[in-house]
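Data block below; observations after.
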Amino acid sequence: MKVLQRNGQIIEGNFEEKEVREAFWHTSAHVLAQAVKRLYPETKCAIGPAIENGFYYDFDFGFPFTEENLADVEREMRKIVKESFALTAFEVARKDAAAYMRERGESYKLEMIENLPEEESISFYRQGDYEEFCAGPHITNTSLIKAFKLLSVAGAYWRGDEKNKMLTRIYGISFPKAAELDAYLAMLEEAKARDHRKLGKELGLFTIMEEGPGFPFFLPKGMILKNLLIDYWREVHEREGYMEISTPVILNRELWETSGHWDHYRENMYTTVIDGEDYAIKPMNCPGGMLVYKMAPRSYRELPMRLGELGLVHRHEKSGQLHGLMRVRCFTQDDAHIFMTEEQIEGEIQNVARLIDEFYTKFGFTYYVELSTKPENSIGSEEEWELATAALENAIKGMGIPYTVNEGDGAFYGPKLDFHLKDSIGRTWQCGTIQLDFQLPQRFDAEYTGADGEKHRPIMIHRVVFGSIERFIGILIEHYAGKFPVWLSPVQVKVLPVSDKYLPYGEKVMAELKSRNIRAELDGRNEKLGYKIREARLEKVPYMLIVGEKEQENGTVTVRCRDAEDGKQDLGEMGVEEFVNRM
């Protein structure tokens, strides 16, 4: 596929490459805008970028645009694709570009031009009768967009500011082949069936109350699941030499000024006043971990020092961004902060990468790694950033793990390796991260005494594996479609008496299971067996133990599996001891 750059250069690539895919979706957004302007000439265009999955465009329609209007826009887009417009790039003088937008009443485009850095000329792209100022790149012809679908309509504030006007955002997806679109739409349907918000409610795992938007409530079964993950986390981290700590949820402003969060992250922090002094509820655990390190003089013999923390953090997210457990305002971050010497950097990065691999493999995920480099909003010298970035790159190369570079997406204090896991229906989620930080030890004046008897500055790794335990649970619910593996299932076994007559025997079986640490429930309701089985399957319980006259006489149970259909998955009659051993 050919991609047209701003300077007129054309490069070749395929849709699987990120840059080509983004150019393809960006051009699709321009086709959407061209169709809208044809149908509704008075509409004002705002922005239309490619996003992780597809594209969107923000419009000021001046009338109530709804999803019912999407079919008309799609028909016009098909016409534009069939008209096979070649895209051309050209430069326009800044003052002429502003005059062009002013003349057409495109106030949002005019505002963007006026806010651009001082430049003599601005790049435009043209396709047929439609022109838009844009940095590109784009594919070379609209006819390459063989299949597309407009997915939804939503509201979006101009520039994301609640004080600005609410615009209409149209989301879409497009592909070079119809089969790819069909597969994507099928995946979306599957994702709806797996929606963790729906399953979380049905399975009694968690809820979000209107009294606390973005603050999840975990229910008894959800707490079992959460604690199982925490137990596994603790088991592995104890084995790997981490020491667990817990730091306060609220700390004073001076700490957050020292860490840099007050200047660089203030808009996402909740604050309060205590005894006339400003405090903040922690959005991150790292400054607290730094204070623990500084409690006592440290020697090189203590390094690397690995401090783990399951810390409850709070971040102010806009209400429109909240989404079940995936985007919340309060969550448990499975942090660890590793303090080390420069010589230990590569080995510690690789140790963390191996630990992350072990975790994700445990849950059946595959993943890819992204190296995120220095952002515009950063602290520290160029030399430190180059050293930190090279250290991450050398460590991951040394393990033979492939990676891609995500320019400018590092944390404000250092570059990072992000681990994007892929779930059972092909979606990717960014969870684990390894961030290398030269800055915080400097800002907190952290030291250790080296073998030479001199004071040295430690280097710090920030890392998470789950990322957010709440979000990871949301991902697991959708990955497994609520059918957790036996070790993670909040209820592993349902005991189903055929009638009230066999309830005492069912209670005896339950007691035996619980004595063997099996998470079991007894369905003692006066309902037909078929109804109880259907209920247990809807609750995604892995095993159902049926107890009736035969089982009571033989001291056995009849085992039925969660996915049993037409008896094919029934394990038959066996003793409780044999069943427990098979589990």
Side-chain angles (χ1 to χ4, degrees), residues 233-234 236-265 269 279-313 332-352 355 379-381 384 387-388 391-392 395 410-417 433-465:
W233 186 93
R234 286 194 167 119
V236 173
H237 283 75
E238 184 177 353
R239 184 197 74 201
E240 294 296 315
Y242 287 80
M243 298 178 289
E244 187 174 350
I245 62 172
S246 177
T247 63
V249 172
I250 301 177
L251 293 163
N252 70 14
R253 173 176 174 169
E254 183 180 351
L255 174 80
W256 302 109
E257 287 177 334
T258 301
S259 69
H261 289 91
W262 197 268
D263 293 330
H264 294 269
Y265 205 73
M269 296 167 67
Y279 280 73
I281 300 173
K282 66 178 179 181
M284 298 175 186
N285 299 306
C286 31
M290 183 61 71
L291 292 181
V292 172
Y293 176 85
K294 286 194 63 183
M295 281 181 59
R298 303 297 181 184
S299 163
Y300 74 97
R301 297 180 187 276
E302 298 175 77
L303 305 183
M305 178 180 287
R306 307 181 185 105
L307 300 177
E309 178 172 15
L310 295 161
L312 188 66
V313 300
T332 307
Q333 197 168 45
D334 66 315
D335 253 326
H337 298 100
I338 303 171
F339 300 89
M340 61 201 167
T341 67
E342 192 169 324
E343 296 73 27
Q344 293 168 336
I345 292 176
E346 188 170 322
E348 286 304 302
I349 292 170
Q350 292 178 345
N351 284 343
V352 175
L355 187 148
I379 57 177
S381 68
E384 289 165 335
L387 181 61
L392 288 171
F412 70 84
Y413 49 77
K416 57 180 180 169
L417 292 171
T433 186
I434 305 173
Q435 302 172 356
L436 192 56
D437 184 3
F438 286 69
Q439 307 309 318
L440 222 57
Q442 291 182 33
R443 295 175 80 95
F444 278 86
D445 197 26
E447 294 179 334
Y448 69 90
T449 302
D452 57 3
E454 300 296 323
K455 297 293 184 184
H456 298 272
R457 189 82 66 203
I459 295 156
M460 188 177 184
I461 284 177
H462 309 248
R463 47 110 291 192
V464 294
V465 182

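Without hydrogens or angle criteria, R298 side chain to Y293 main chain gives a donor-acceptor distance under 3.5 Å. T433 contributes a side-chain N or O that, together with a main-chain N or O of L417, makes up a donor-acceptor pair within less than 3.5 Å. Formation of a donor-acceptor pair under 3.5 Å by the Q350 side chain with backbone atoms of A395 is found in this model. With hydrogens and angles disregarded, no donor-acceptor distance shorter than 3.5 Å links the side chain of K282 to the backbone of G311. Checking side-chain atoms of E454 against main-chain N and O of G450 turns up no donor-acceptor pair under 3.5 Å. No side-chain donor-acceptor contact under 3.5 Å links R463 to the backbone of L436. In terms of modelled atom types and a separation under 3.5 Å, the side chain of Q435 and the main chain of A411 share no donor-acceptor contact.
L255 is linked by a side-chain contact (heavy atoms from CB on, under 4.5 Å) to L251, N252, P287, L291, F444, counting only residues two or more places apart in sequence or in another chain.
T341 contributes atom OG1, which lies 6.5 Å from atom CG of L303 (distance to the nearest 0.5 angstrom). Atom OG in S299 sits 9.5 Å away from atom CE in M305 (nearest 0.5 Å). Interatomic distance, C286 SG to M460 CE, rounded to the nearest 0.5 Å: 6.0 Å. With values rounded to the nearest 0.5 angstrom, I459 atom CD1 is found 7.0 Å from Y448 atom OH. Of the inter-residue distances, the one linking L392 atom CG with I434 atom CD1 reads 7.5 Å to the nearest 0.5 angstrom. Within the model, atoms CE of M269 and NE2 of H261 stand 7.5 Å from one another, a figure rounded to the nearest 0.5 Å.
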TODO: Go through the steps to decide whether N285 and H337 satisfy the test side chain to side chain contact (heavy atoms under 4.5 Å, CB included), and finish with yes or no.
DONE: CA-CA 9 Å; N285 299 306; H337 298 100; 4.1 Å; yes
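Looking at heavy atoms from C-beta onward, Y413 lies in side-chain contact with H462 at the 4.5 angstrom threshold. Counting heavy atoms from C-beta outward, E244 and E238 have side chains that stay 4.5 Å or more apart. With contacts defined as side-chain heavy-atom distances shorter than 4.5 Å, the pair L310/R234 qualifies. For the pair I338 and Q344, the minimum side-chain heavy-atom distance is 4.5 Å or more.
Of all heavy-atom pairs between W262 and A280, the closest is CZ3-CB, 4.1 Å. For P283 against W256, the heavy-atom pair with the smallest separation is CD-CH2, 3.8 Å. For the residue pair D334 and V465, the shortest heavy atom distance occurs at OD2-N, 3.0 Å. Across all their heavy atoms, L312 and V249 have their closest contact at O-CG2, 4.2 Å. Across every non-hydrogen atom of E309 and I245, the tightest pair is CG-O, 3.5 Å. For K455 against T449, the heavy-atom pair with the smallest separation is NZ-OG1, 3.2 Å.
Sorted by first then second residue, the salt bridge (Lys or Arg N to Asp or Glu O under 4.0 Å) pairs that include residues 435-450, not counting sequence neighbours, are D445-R457.
Other residues, nucleotides and ligands contribute at most 12 non-hydrogen atoms within 6.0 Å of the CD atom of E254. Heavy atoms of other residues, nucleotides or ligands lying less than 6.0 angstrom from CZ of R239 number more than 12.
Residue F339 forms a side chain to side chain contact (heavy atoms under 4.5 Å, CB included) with just one option from R306, E302, M290, and that option is M290.
Using cut-offs of 30° and 60° on the angle between ring planes, the pair H237 and W233 is parallel.
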